[in-house]
Every structure is written in structure tokens, then in C-alpha cells.
Amino acid sequence: MKKHYLPASLALAALLAGMAANRGEAGSLTLKDAYKNDFLIGAAINQSQFYEQDARGVPIIEAQFNSTTPENILKWESVHPEPDKYAFDAPDQYVAFGEKHHMFIIGHTLVWHNQTPRWVFQDTNGDPVTRDVLLQRMHDHISTVMGRYKGRIKGWDVVNEALNENGTMRKSKWETIIGDDYIEKAFQFAHEADPDAQLHYNDYSLEDEPKRNGAIALITKLKSEGIPITAIGLQCHVKMSRPTPEQEDATISAFAALGVKVMITELDVDVVPATQRNRTADIQANAQATAGANEFTNGLPEVQQEALAKRYAELFRVFVKHRADISRVTFWGVTDGDSWLNTRGRVDYPLLFDRAGKPKPAFDAVIQEATPQ
Ligand code: XIL
């Protein structure tokens, strides 16, 4: 009797093993392996992950990703909170974690209008500093932070989010005090600090035409001036229906044509409908626009789960099409529970692993899109 049923149970075991293989469980195909002929697969990680306290997240990071970005700890307010005080404990640990796991280590970010202390732009009386003083501060910050990790952090988001939605220069304190050439200066200082590091300009909503055109003009200008810019970072904080795959495709083509690498630097898919139209990934505007919108507090229904898988598949189809120009795709977080989109009581499901650390249908969909080996 038993013997009679053995082949069937073996077949079942093989079937289950096959399913497990697709779901990224023990010993099976992982994101970084599936995509090893396409591009690096990264994740932004937080402090409890690189200090190895997050028992759920760390094994996923080790198994699935071959690049990493620090979610917050290399931003100015964290690493350089006071004029004469640098806080290197957490960044040191982040870099050690990345090296331990043989990951391609990214630095994020040197010059940004957010998460930068007020003192940077002020003198001791609280008055705005001069162009020269601010340039000196920018120089010292970049050379100290980049210099410490020279040769170890391989790529840096040098300037983050310098453009308005209409493609003009954002009137940040950097821009108003120094002038438009603060961008050139930041790249020059970065190149001096580590001549081998890849240097990126990083921004959101570059799929929207006016902003994309602004970025194209900016990069064209930097290239013509001989500024050492290696890559454009498309943050890709996307919604379910926009940008369209066609917009993503056209955006990647347009930047690749300028002779820079394209990186997808902060990918996530917001599945919670906004109460108001929010076309931006700007942190403050987004938090306001989406506060209160909270459809799926008790879990993501099957229909949305499948729709998310389809959304991820259509995005990765575009990325794989451009595999010659794309060097890395990084997710902004590991599990849904980590995501920055869960603010003000929102419960979101933007990533490939659920709150228990299990791969979602979107994980399978992404694996399916990789170039077969
Ligand atoms: C976000 C982090 O994920 C949050 O933890 C933090 O409170 C705010 O910043 N664009 C960027 C990232 O370049 O640095 C932002 O990260 C998300 C938007």
C-alpha cells in the first residue's frame, strides 16, 4: 500500500519544493541571484537591522540583497548634528554590516534641504551665513564624511531633490545662499574626497515631464562643465497607477542617452489611496495629503495583493529592458512593517515582504521578470 502511494507523495513533495523555490524560502532562488545578470538589488536598512537586532529583517537582508543604503543615519542631522560634532558610531556599524555581507555600499545623502540642522545655514546670531561660509561648511562636511569611508562606500547620493515639480531649481537654503552652482561645488568636493566613488544626483517624480526636463537640463549642464557625475538616481516612490510603465521607460531612456548610469534608488509602491491627490514624494506634503487615508488596516485583500504583484511585474519588465543602463534597483525598506509610508497611523503594503517577513505574491512576480540564467 505505502509503496503504491510513494510516487504520488514524492511528486507532491517535489511540487511543494518547487513552490518554496519560487517563494524565496530556504535554499531557493533569491532576488540577488535571480537578477545577478541584470543589476544589483538593494535595500535601505535601518539601525536595528545593521546592529543585527531585527531578527526578522536581518536574515532577509543577508539572503536577498547585494547592495544597501542607510535609511537615515548618513543624513546631515544624524551624522553631523552640531558644528564640531560628528556621530560616526552608527555609520561605522552600517558600513561594517555591509562589508560583512559583501554588499555594494551606498551613502545617502550629502546635500539636501531636509534632515539638515538649522545651524548649517546660520551664524552664531542666527543670521544667514555668507556664500563662502556655507561653501566651506559643505566642503568640510563632505570631505569628513566621505573621507572616513573612502574606498568602502562605493556610491554617494551627492545632491538630493534639488528640483521643483516644474523643473526649476528648488529655492532651498543651499540655492538661495550659494546660488545654482552649489550643485557643481558639491560634486567637486565629493570627487576630491574620494575620486573612485560613484557620484549620483537623486530625485523623485522624474517621470513627470516638466521635472524630468529640468533634470535633463541639469545633468547636461554638469556634463558639459566636466563635473564628475556618474549616475541619476530615480527614487521611484510610485503609486499603483502612476507613473505608467511607458513613462518609466521613456524616463530611463532619456537619462541613459545623456551618458549617465540609471539607478532606481528608493523603490516602493504606495497601495493606500490618498485622500487628496498627492503627486509628490516631498515628505511634508505627502504626510499631510495622505494623513487619514487608511483603507487596509486589517491586511491587504487578495485583489490588491495580486494588483500589487502585477504592478511590480510591469515595473521590473521596464527595468530589465534597460538592464544595460541600470546598475542597481534598491527598495526603500525590507518588510512592509519597516516602510516610511506607515506614517500617522497609515498601514501600507509597499514592499516585497510582509510584516511577518514572508515573501508576498509581488516577490514571485519580481523573480519571474529576471533575465533567465
Ligand atoms: C525618509 C526615511 O525613510 C524616513 O525614515 C525619514 O523619517 C524621512 O526620510 N526621499 C529620500 C529619503 O531621499 O531619504 C526619504 O527617507 C524618503 C524620500
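Read the numbers this way: they start at 1 and go in the same order the structure lists the ligands and their atoms. The structure displayed is predicted, hence computed values, not measured ones. Keep in mind that the numbers below use all heavy atoms, side chains included, and drop hydrogens, waters and symmetry copies.
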>> Below 4.0 Å, non-hydrogen atoms only: which portion of Asn160 touches ligand 1? Side chain, backbone, both or neither.
In response: side chain
> Using 4.0 Å as the upper bound for N to carboxylate O, is an ion pair formed by Asp181 and Arg131?
Replying inline: yes
>> Checking the N or O distance criterion of under 3.5 Å, is ligand 1 in contact with Trp112?
In response: no
> Which ligand 1 atoms, with their elements, are less than 4.0 angstrom from a heavy-atom of His108?
Replying inline: 11 (C), 12 (C), 13 (O), 14 (O)
>> Regarding ligand 1, does Trp340 bring an N or O atom to under 3.5 Å of one of the ligand's N or O atoms?
In response: no
Identify all side-chain donor-acceptor contacts of residues 320-329 below 3.5 Å with residues at least two apart in sequence or on another chain.
from: Lys321; atom 1: NZ; to: Asp249; atom 2: OD1; distance (Å): 3.2
from: Lys321; atom 1: NZ; to: Asp249; atom 2: OD2; distance (Å): 2.8
from: His322; atom 1: NE2; to: Asp249; atom 2: OD1; distance (Å): 2.5
from: Arg323; atom 1: NE; to: Asp38; atom 2: OD1; distance (Å): 2.6
from: Arg323; atom 1: NE; to: Thr371; atom 2: OG1; distance (Å): 3.3
from: Arg323; atom 1: NH2; to: Asn37; atom 2: O; distance (Å): 2.9
from: Arg328; atom 1: NH1; to: Thr330; atom 2: OG1; distance (Å): 2.8

> So Trp76 and Trp174, would you call those rings parallel, tilted or perpendicular, with 30° and 60° as cut-offs?
Replying inline: tilted
>> Below 4.0 Å, non-hydrogen atoms only: which portion of Tyr204 touches ligand 1? Side chain, backbone, both or neither.
In response: neither
>> Taking the basic N atoms (NZ, or NE/NH1/NH2) and the acidic carboxylate oxygens, is any pair closer than 4.0 Å for Arg56 and Asp54?
In response: no
Review item, side-chain donor-acceptor pairs of residues 122-129, under 3.5 Å, at least two apart:
from: Asp123; atom 1: OD1; to: Asn125; atom 2: N; distance (Å): 2.9
from: Asp123; atom 1: OD1; to: Gly126; atom 2: N; distance (Å): 3.1
from: Asp123; atom 1: OD1; to: Asp127; atom 2: N; distance (Å): 2.9

>> Under 4.0 Å, heavy-atom basis, I'd like to know which part of Asn72 is in contact with ligand 1: side chain, backbone, both or neither.
In response: side chain
>> Suppose I only count heavy atoms of Glu161 and a 4.0 Å limit; which atoms of ligand 1 are within that range?
In response: 10 (N), 11 (C), 13 (O)
> Is the shortest distance from a Lys or Arg side-chain nitrogen in Arg311 or Asp270 to a carboxylate oxygen in the other one below 4.0 Å?
Replying inline: no
> With only distance considered, is Asn202 within less than 3.5 Å of ligand 1 through an N or O on each side?
Replying inline: no
>> Please tell me whether Gln47 and Gln93 have a donor and an acceptor in their side chains that are separated by less than 3.5 angstrom.
In response: no
>> Quick check on contacts: which atoms of ligand 1 are under 4.0 angstrom from a heavy atom of Glu71?
In response: 2 (C), 3 (O), 4 (C), 5 (O)
> Of the choices Lys75, Glu266, Gln115, which has the non-hydrogen atom that lies closest to atom 16 (O) of ligand 1?
Replying inline: Lys75
